[in-house]
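These notes concern the structure reproduced below.
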Amino acid sequence: MKLPKKVRIAVFPVAGLGTRFLPATKAMPKEMLPVVDRPLIQYAVDEAKEAGIEHFVFITGRNKGVIEDHFDRQFELEETLKKRGKLEALKELQRDLPIAGQTSFTRQQEPLGLGHAVWCARHLVGNEPFALLLPDMLLKSDPGVLTQMIAAYEKTGNNIIAVEEAAPEDISSYGVVARGQGDDSGFEITGMVEKPKAEDAPSNLIISGRYILQPEIFDLISNQAKGAGGEIQITDAMHKLMEHQNFTGVKYKGRSFDCGSKVGFLTANIVFALARKDISHDFMKELQTVATGS
Ligand code: UTP
């Protein structure tokens with residue numbers, strides 16, 4: 001088989017209104033909500049970097065300027081950290097920065113849905129396969145989920161979707177795939193449906209906010225009418241793309257936290273804090289006090 005084109009570009013749609021998290025998201029982007037001390041968008045960029053992504057495309061909107069600032073240098077802050085001898089903090093800030101020229105920002109002028117947000121990246125992506133990461137889905141796994149997906153992509157050259165098992169009561173909030181032949185590291189996807197009722201769902205495997213897509217998706221989005229919730233959905237375009245191209249599912253090792261929901265976000269903070277050597281001991285003591293009411 002001819003080697004598939006390398007996945008060099010990742011797209012991060014960050015133009016949504018975050019209505020489930022109001023009033024926190026009235027003036028602050030949902031994607032800047034911190035889990036412990038890092039904003040959600042930083043986790044998604046780190047996952048993409050680990051997978052070998054070379055260019056980071058952000059689909060932003062009104063009130064999202066701080067995301068661009070977050071990935072820029074802050075000279076005053078850097079100088080102050082140097083003067084105060086906080087060199088470790090300075091090193092960390094510098095480590096998180098993309099290299100100059102590695103980022104692009106474009107605006108989705110109206111939040112017309114995820115499919116529309118992705119379509120806004122069409123000129124920046126061009127005729128290449130690309131990764132799509134929804135930053136409000138925080139994934140905890142080692143290696144990162146996009147790294148696991150790239151492995152499946154390099155074997156097949158297909159479109160790739162990361163999935164995980166969900167409880168029946170959660171299924172109607174997500175896209176769900178139908179599973180064909182293959183194992184967890186790469187199986188055939190034979191169908192997909194956006195936010196089905198639990199009884200109509202083709203499986204319990206939900207789409208977890210990570211995709212590798214071929215550029216043909218853009219034309220399909222262009223010709224698309226509004227779908228579920230009056231929004232232009234990415235699942236509808238993927239459904240059409242399935243008529244011409246293969247899709248592979250990766251049931252990744254790890255778990256997701258839907259940080260667009262309050263419970264998901266709070267749980268993520270607990271799990272990520274307990275995994276942090278610098279605070280886990282003290283935090284666990286506090287949790288025990290809260291749990292026992294003492
Ligand atoms: P969500 O549907 O979870 O985000 O989209 P939302 O619409 O901001 O949230 P709620 O439902 O109102 O609380 C997943 C990702 O897609 C982006 C969001 O910013 C989020 O990162 N998105 C969504 C866009 O960029 N544009 C859109 O039109 C919709």
Side-chain angles (χ1 to χ4, degrees), residues 9-35 38-48 56-68 70-71 103-122 124-125 130-139 145-146 161-164 166 170-176 194-195 206-211 213 217-218 221-222 224-238 256-268:
I9 301 175
V11 173
F12 304 88
V14 293
L17 297 177
T19 55
R20 286 170 293 160
F21 238 115
L22 284 167
T25 47
K26 188 175 166 203
M28 181 182 73
K30 169 170 73 173
E31 299 78 11
M32 289 300 291
L33 289 170
V35 169
R38 297 170 78 68
L40 286 171
I41 188 67
Q42 184 73 57
Y43 287 96
V45 165
D46 290 348
E47 183 186 331
F56 307 88
V57 173
F58 300 86
I59 314 300
T60 74
R62 274 183 299 286
N63 287 336
K64 302 284 181 165
V66 312
I67 295 177
E68 195 163 344
H70 178 75
F71 291 107
T103 52
S104 300
F105 296 83
T106 189
R107 278 199 178 204
Q108 183 190 25
Q109 292 143 327
E110 266 183 279
L112 296 176
L114 177 58
H116 182 263
V118 173
W119 183 73
C120 293
R122 66 199 180 283
L124 292 166
V125 171
F130 63 100
L132 170 63
L133 296 92
L134 310 193
D136 53 349
M137 288 299 275
L138 177 57
L139 306 184
V145 173
L146 192 60
I161 300 183
V163 300
E164 67 178 313
D170 294 333
I171 280 182
S172 62
S173 307
Y174 298 93
V176 179
E194 182 64 23
K195 301 188 170 73
I206 60 164
I207 299 178
S208 312
R210 300 291 184 273
Y211 314 76
L213 295 169
I217 194 85
F218 293 121
I221 302 172
S222 308
Q224 192 176 298
K226 288 180 180 165
E231 295 194 333
I232 297 179
Q233 302 284 354
I234 191 77
T235 318
D236 296 338
M238 290 193 302
S256 73
F257 301 90
D258 181 357
C259 291
S261 82
K262 295 179 183 81
V263 171
F265 172 75
L266 294 169
T267 313

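Counting convention: from 1, in listed order, for ligands and their atoms alike.
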Measuring centre to centre across the rings, with the benzene-like ring taken for any Trp, is Phe218 within less than 6.0 Å of Phe130? yes
Calculate, to the nearest 0.5 Å, the distance between atoms CD1 and CG belonging to Ile41 and Leu138 respectively. 11.5 Å
May I have all residue pairs that pass side chain to side chain donor-acceptor pair (under 3.5 Å) and include part of residues 23-32, sequence neighbours excluded? Lys30-Asp136, Glu31-Lys64
Residue shell around ligand 1, heavy atom under 4.0 angstrom: Pro13, Val14, Ala15, Gly16, Leu17, Gly18, Thr19, Arg20, Lys30, Glu31, Gln108, Pro111, Leu112, Gly113, Leu114, Ala117, Pro135, Asp136
Main-chain N/O of Gly61 paired to Gln109 side chain as donor or acceptor, under 3.5 Å: no
Using the side-chain hydrogen bond (donor to acceptor under 3.5 Å, both in side chains) criterion, which residues pair with Arg38? Sequence neighbours excluded. Asp46, Asp96
Give me each pair satisfying side chain to side chain donor-acceptor pair (under 3.5 Å) with a member in residues 111-120, each pair once, sequence neighbours excluded. Gln108-His116, Trp119-Ser222
